[in-house]
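This report concerns only the one structure given below.
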Amino acid sequence: MSENFEVNSFKKIVRLSDDELANLWKTYLADRSNKSVRDKLIVQYIYLTRYVIGRIKVNLPPTFTYEDITSYGVEGLIDAVEKFSPHKGAKFETYALMRIRGCIIDRIRSTDWLPRTVRKKIKEVKEASEFLKQKLDRNPTTSEIAEYMGLEKEKVEEILSQDTGVDSLYDKKGQGDESVEIIDTIEDKKSERPEEAIEKKDAKRQLEFALKRLPERERMLLVFYYHENMTLKEIGEAINVSESRVCQLHAQAIMKLRNILSTSRSERLAKSIV
């Protein structure tokens with residue numbers, strides 16, 4: 001299969017049933033040299049590349065295009081199909097998402113267009129920022145970083161503006177139980193009160209917990225609709241169901257989320273009373 005597969009063409013893909021997909025995997029695992037079967041599997045999972053690209057924050061120069069990133073994602077998907085071992089216990093989707101994301105980031109990072117001196121300055125600013133974060137117990141401002149480094153604020157901003165690396169908002173910083181996702185460390189410009197921040201963090205945690213309890217298809221549908229900004233029609237074409245059925249599944253998923261969240265709140269209230 002060409003690595004320049006056009007992701008938008010996934011709308012035309014006829015999705016196989018679970019049984020058909022299982023049989024396709026069985027055939028391929030019995031003979032991994034069968035490229036025709038391999039390509040059929042890749043087509044069935046090509047939507048995962050768009051999912052990964054949507055979750056990765058990419059700051060790139062004009063020399064990189066969306067098509068470039070897509071081709072890297074397809075490379076990762078091909079690699080995932082060829083190396084997948086079901087006996088290890090992981091679902092293919094979970095394994096593939098990791099391989100696709102890793103391939104995209106590795107390919108981009110392998111092309112470092114910044115001079116070594118600039119990269120060194122960026123590293124120094126980031127190290128200073130991390131040091132101040134630990135000292136102040138919060139994210140430092142640009143002015144604080146500049147003062148600590150003995151630089152002008154504008155100079156620090158200029159250095160950071162040159163950092164055109166690739167980071168996922170869902171990468172984790174820290175070790176073990178104290179690790180947090182980068183998205184949770186972004187400074188809130190509205191300076192909300194601490195109690196409001198705690199409430200929002202708790203709400204996010206509860207929502208993530210509820211989402212994990214949804215069936216895979218309903219969870220992916222919500223991701224496509226709210227994160228990828230896909231229309232109901234596009235989602236229907238992607239999962240091979242009618243637009244009206246997508247609407248029903250969406251309503252069903254929202255109802256389940258509400259019930260899960262409602263039950264969770266009731267349980268917490270009961271515990272607090274006891």
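Heads up: numbering here begins at 1 and tracks the sequence.
A distance of 9.0 Å separates OG1 of T27 from NZ of K40, quoted to the nearest 0.5 Å. In this structure, CD1 on I46 lies 5.5 Å from CG on L77, to the nearest 0.5 angstrom. Within the model, atoms OH of Y225 and OG1 of T231 stand 9.0 Å from one another, a figure rounded to the nearest 0.5 Å. Atoms NZ and CG, on K256 and L222 in that order, are 10.5 Å from each other to the nearest 0.5 Å. Atoms NZ and CG, from K133 and N139 in turn, are 5.0 Å apart once rounded to the nearest 0.5 Å. Taking CD1 of I235 as the start and CD of E243 as the end, the distance is 9.5 Å to the nearest 0.5 Å.
Partners of Y28 under the ring pair (Phe, Tyr, Trp, His ring centres under 6.0 Å) rule, at least two apart in sequence or in another chain, do not exist in this structure. Here V223 pairs with Y51, H227 under the side chain to side chain contact (heavy atoms under 4.5 Å, CB included) rule; sequence neighbours left out. Residues meeting the side chain to side chain contact (heavy atoms under 4.5 Å, CB included) test with S17, sequence neighbours left out: D19, E20. Evaluation of the salt bridge (charged side-chain N to carboxylate O under 4.0 Å, His left out) rule for K123 yields no partner, not counting sequence neighbours.
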Evaluate the side chain to side chain contact (heavy atoms under 4.5 Å, CB included) criterion for residues F92 and L41: first the C-alpha distance (whole Å), next the side-chain angles of each, then the deciding distance (0.1 Å), finally the verdict. CA-CA 11 Å; F92 175 75; L41 285 170; over 6 Å; no
Side chain to side chain contact (heavy atoms under 4.5 Å, CB included), that's the test. Do R101 and I104 meet it? Break it down for me. CA-CA 5 Å; R101 178 183 176 279; I104 292 174; 5.9 Å; no
I100 and V74: side chain to side chain contact (heavy atoms under 4.5 Å, CB included), yes or no, with the steps? CA-CA 7 Å; I100 293 168; V74 174; over 6 Å; no
Does the side chain to side chain contact (heavy atoms under 4.5 Å, CB included) test come out yes or no for L249 and R217, once each step is laid out? CA-CA 9 Å; L249 289 172; R217 183 165 70 164; 4.0 Å; yes
Could you walk me through whether S143 and T141 pass the side-chain hydrogen bond (donor to acceptor under 3.5 Å, both in side chains) check? CA-CA 5 Å; S143 296; T141 64; 4.7 Å; no
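Applying the ring pair (Phe, Tyr, Trp, His ring centres under 6.0 Å) test to residues at least two apart or on different chains, the pairs with a partner in residues 142-161 are F131-Y148. Listed by first and then second residue, the salt bridge (Lys or Arg N to Asp or Glu O under 4.0 Å) pairs involving residues 134-151 are R138-E144 (not counting sequence neighbours).
Using the six-membered ring where Trp is involved, Y47 and F224 have ring planes that are perpendicular, over 60° apart on the 30 and 60° scheme. Between Y45 and W25, the two ring planes are tilted [angle within 30° to 60°].
For CD of Q252, the number of neighbouring non-hydrogen atoms (other residues, nucleotides, ligands) closer than 6.0 Å is greater than 12.
Between L48 and A96, the shortest heavy-atom distance links the atoms CD1-CB, 3.9 Å. Scanning all heavy atoms of the two residues, the minimum distance from L21 to L16 falls at N-CB, 4.2 Å. Counting all heavy atoms, side chain and backbone alike, P86 lies closest to L29 at CG-CD1, 3.5 Å. Minimum interatomic distance between V37 and N34 (heavy atoms only, all atoms of both residues): N-OD1, 3.1 Å. Nearest heavy atom pair, residue A128 against residue I145, reads CB-CG2, 4.4 Å. Between V246 and G236, the shortest heavy-atom distance links the atoms CG2-CA, 3.4 Å.
Side-chain N or O atoms of E130 include none that pairs as donor or acceptor with a backbone N or O of E127 at under 3.5 Å. Proximity of a side-chain donor or acceptor of S129 to a complementary backbone N or O of V125 within less than 3.5 Å is not detected. Without hydrogens or angle criteria, R32 side chain to E82 main chain gives a donor-acceptor distance under 3.5 Å.
In summary, K35 and D39 do not engage in a salt bridge, as defined by a charged side-chain N under 4.0 Å from a carboxylate O. E216 and R219 are joined by a salt bridge, as a carboxylate oxygen and a charged side-chain nitrogen come within less than 4.0 angstrom of each other.
At a threshold of 4.5 Å between non-hydrogen side-chain atoms, the residues R107 and S71 do not count as touching. With a 4.5 Å cut-off on side-chain heavy atoms, K155 and I159 count as touching. For the pair E157 and E152, the minimum side-chain heavy-atom distance is 4.5 Å or more.
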